[in-house]
> 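I have a structure I would like to understand better, so I am pasting it below and will then ask my questions one at a time.
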Amino acid sequence: MASVSVDEAMRRAIELAARGLGATSPNPVVGCVLLDAGGEVVGEGFHAYAGGPHAEIVALAQAGTRARGGTAVVTLEPCDHTGRTGPCSHALIAAGVSRVVIAVPDPNPVASGGAATLRAAGVQVALGVRTQEAEAGNVAWLTSMRRGWPYLIWKYAATLDGRSAAADGTSMWITSEAARIDVHALRGTVDAVLAGVGTVLTDDPRLTARNLRDGTLAIRQPLRVVVDSSGRTPADARVRDGAARTWIATAAEVGAGPDGRVDLAALLAELHHRGVRAALLEGGPTLAGAFLAAGLVDRIVGYVAPKLLGAGPAALLGAGVSTIADAIDLEITDVTRVGPDLRITALPRKREG
Ligand SMILES: NC(=O)c1ccc[n+]([C@@H]2O[C@H](COP(=O)([O-])OP(=O)(O)OC[C@H]3O[C@@H](n4cnc5c(N)ncnc54)[C@H](OP(=O)(O)O)[C@@H]3O)[C@@H](O)[C@H]2O)c1
């Protein structure tokens with residue numbers, strides 16, 4: 001096989017890392033490509049699930065003795081601690097790798113230090129190849145580790161005139177089956193799905209990740225979280241059906257904000273503590289408004305249907321905006337057609353002060 005450049009190997013490692021998305025929490029996604037001394041690819045690996053072998057170990061196992069004198073190209077600094085698996089830094093040293101190229105340093109104080117251990121053992125360490133790309137591939141995990149609460153994606157569905165339900169309250173289905181399939185795929189990439197008790201009382205959603213065609217459940221289910229200050233979730237609500245874990249987060253358990261409702265920052269801190277790194281906020285407009293007003297939303301995914309309703313509730317309520325100067329400015333990062341609908345991805349711009 002022809003030799004490849006370190007840059008090319010890192011591009012491949014980032015691609016490999018993405019295969020673990022949605023399955024590795026509370027761990028990051030990581031990809032690794034091992035090059036032998038001549039620059040030929042002799043091993044590839046990614047971290048497929050929490051508790052499973054790390055990317056470096058998979059790649060080393062493939063490479064065998066050909067790793068000696070070679071270069072390990074990894075998307076994240078190799079770990080330096082013994083958790084459910086041994087330290088990757090030690091495994092790389094034992095395999096005789098002479099150089100390790102890292103895209104992003106590990107922000108996790110428990111696992112970091114791999115680069116220093118490698119250097120101390122005489123392994124050459126280079127940092128910073130395709131860093132932006134690797135950061136983007138791990139954005140939820142890196143963001144949540146750096147600040148201590150989950151990366152929160154607010155997803156909503158609305159008509160072209162911004163309505164989330166009709167005047168009589170009916171809302172199923174605003175968007176197409178294709179868009180709903182897309183949402184189930186999105187649920188499969190997060191660790192928790194959040195909804196307000198208002199949505200549970202009105203729509204009685206299951207909030208599981210399913211195959212919409214035959215109803216089968218995805219192997220890995222996000223934790224279902226109902227934000228329910230006073231515990232109004234009915235005993236027979238579908239979220240209590242046992243198909244996935246459910247947490248009814250009440251103000252008594254989480255703590256209350258000044259309005260007596262669930263303290264949202266405390267809720268996110270508790271979810272982080274429970275190993276949630278990426279969470280999907282699915283509704284409804286009141287809860288979304290409260291999260292946005294508190295500046296706790298990292299990404300917005302809006303499914304916009306080619307329909308007009310002219311009346312009915314808006315997709316967002318009470319986001320703390322009363323005048324145009326206070327509008328929450330967004331940067332649109334992607335627009336994709338999903339069946340007849342549009343999926344718009346946007347990032348809230350950071351506010352001054
Ligand atoms: N189009 C869409 O994407 C979409 C998605 C979901 C829902 N919906 C629609 O939304 C409607 C329900 O709307 P909704 O606004 O009543 O539902 P919601 O936002 O799901 O729930 C609101 C409730 O959340 C609870 N909550 C707990 N802590 C809160 C906090 N800190 N801040 C704000 N709320 C908090 C409050 O009840 P307590 O104080 O009692 O806890 C509040 O009434 C339904 O018609 C549904 O179909 C649309």
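Just follow the structure's listing: the first ligand is 1, and inside any ligand the first atom is 1.
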> What is the nearest protein non-hydrogen atom to atom 40 (O) of ligand 1, stated with its residue, atom name and distance?
Arg232 NH2, 2.8 Å
> Side chains of Arg299 and Tyr151: any donor to acceptor distance under 3.5 Å?
yes
> Establish, for the pair Arg274 and Trp247, whether the NZ or CZ atom is under 6.0 angstrom from the six-membered ring centre and no further than 45 degrees off its axis.
yes
> Can you tell which part of Ser171 has a heavy atom less than 4.0 Å from ligand 1: side chain, backbone, both or neither?
side chain
> Any N or O on Thr286 sitting closer than 3.5 Å to an N or O of ligand 1?
yes
> Among all the protein's non-hydrogen atoms, which is closest to atom 25 (C) of ligand 1, and how far away is it?
Val227 O, 3.6 Å
> For Thr208 and Arg206, does a side-chain donor sit closer than 3.5 Å to a side-chain acceptor?
no
> Between Asp161 and Thr159, do the side chains contain a donor N or O and an acceptor N or O under 3.5 Å apart?
yes
> Could you check His47 against Asn27 for side-chain contact (heavy atoms from CB on, under 4.5 Å), going step by step and ending with a plain yes or no?
CA-CA 9 Å; His47 184 41; Asn27 296 340; 3.1 Å; yes
> Which atoms of ligand 1 sit under 4.0 Å from any heavy atom of Leu287?
19 (O), 29 (C), 34 (N), 35 (C)
> Examine distances only and state if a side-chain atom of Glu282 and a backbone atom of Tyr156 form a donor-acceptor pair shorter than 3.5 Å.
no
> Got the closest protein heavy atom to atom 1 (N) of ligand 1, with its distance?
Ala157 O, 2.7 Å
> For atom 38 (P) of ligand 1, grab the closest protein heavy atom and report residue, atom and distance to one decimal in Å.
Ser229 OG, 3.5 Å
> Under a 3.5 Å cutoff, is there a donor and acceptor pairing between the side chains of His272 and Arg147?
no
> If you measure every N/O of Tyr156 against every N/O of ligand 1, is any gap under 3.5 Å?
no
> Would Ala290 count as being in polar contact with ligand 1, using the rule that some N or O on each side must be under 3.5 angstrom apart?
no
> Evaluate the side-chain proximity of Glu56 to Pro78: yes if any heavy-atom separation is below 4.5 Å, no if none is.
yes
> Can a donor-acceptor pair be found between the side chains of His184 and Asn211 at a distance below 3.5 Å?
no
> Decide, yes or no, whether a salt bridge links Glu133 with Arg11 under the criterion of side-chain N to carboxylate O below 4.0 Å.
no
> Starting from atom 11 (C) of ligand 1, find the nearest protein heavy-atom neighbour and note its residue, name and distance.
Pro285 CD, 4.1 Å
> Can you find an N or O of Ala288 that's nearer than 3.5 Å to an N or O of ligand 1?
no
> Find all atoms of ligand 1 within a distance of less than 4.0 Å from any non-hydrogen atom belonging to Thr202, and give their numbers and elements.
44 (C), 45 (O)
> Evaluate Ala195 for polar contact with ligand 1, using N/O atom pairs at a separation under 3.5 Å.
no
> Check the side chains of Asp228 and Thr233 for a donor-acceptor pair under 3.5 angstrom, ignoring hydrogens and angles.
yes
> Does an N or O from Asp203, backbone or side chain, lie closer than 3.5 Å to an N or O of ligand 1?
yes
> Taking distance alone, with no angle check, do Gly196 and ligand 1 share an N/O pair under 3.5 Å?
yes
> Pick, from Lys155, Arg163, Arg261, Met172, the option with the minimum heavy-atom distance to atom 29 (C) of ligand 1.
Arg261
> Which atoms from ligand 1 have a heavy atom of Asp228 less than 4.0 Å away?
41 (O)
> Below a 4.0 angstrom heavy-atom separation, can you tell me which part of Leu264, side chain or backbone, both or neither, approaches ligand 1?
side chain
> Measure across Ala251 and Arg261 and return the closest heavy-atom pair with its distance rounded to 0.1 Å.
CB-C, 4.3 Å
> May I ask you to identify the nearest protein heavy atom to atom 31 (N) of ligand 1, giving residue, atom name and distance to one decimal place in Å?
Val262 O, 2.9 Å
> What is the nearest protein non-hydrogen atom to atom 5 (C) of ligand 1, stated with its residue, atom name and distance?
Glu282 O, 3.1 Å
> Begin from the C-alpha positions of Arg337 and Arg343 and carry the test side-chain contact (heavy atoms from CB on, under 4.5 Å) through to its verdict.
CA-CA 6 Å; Arg337 240 191 130 112; Arg343 182 187 66 207; over 6 Å; no
> How far is atom 23 (C) of ligand 1 from the closest protein heavy atom, and which atom is that?
Gly198 N, 3.8 Å
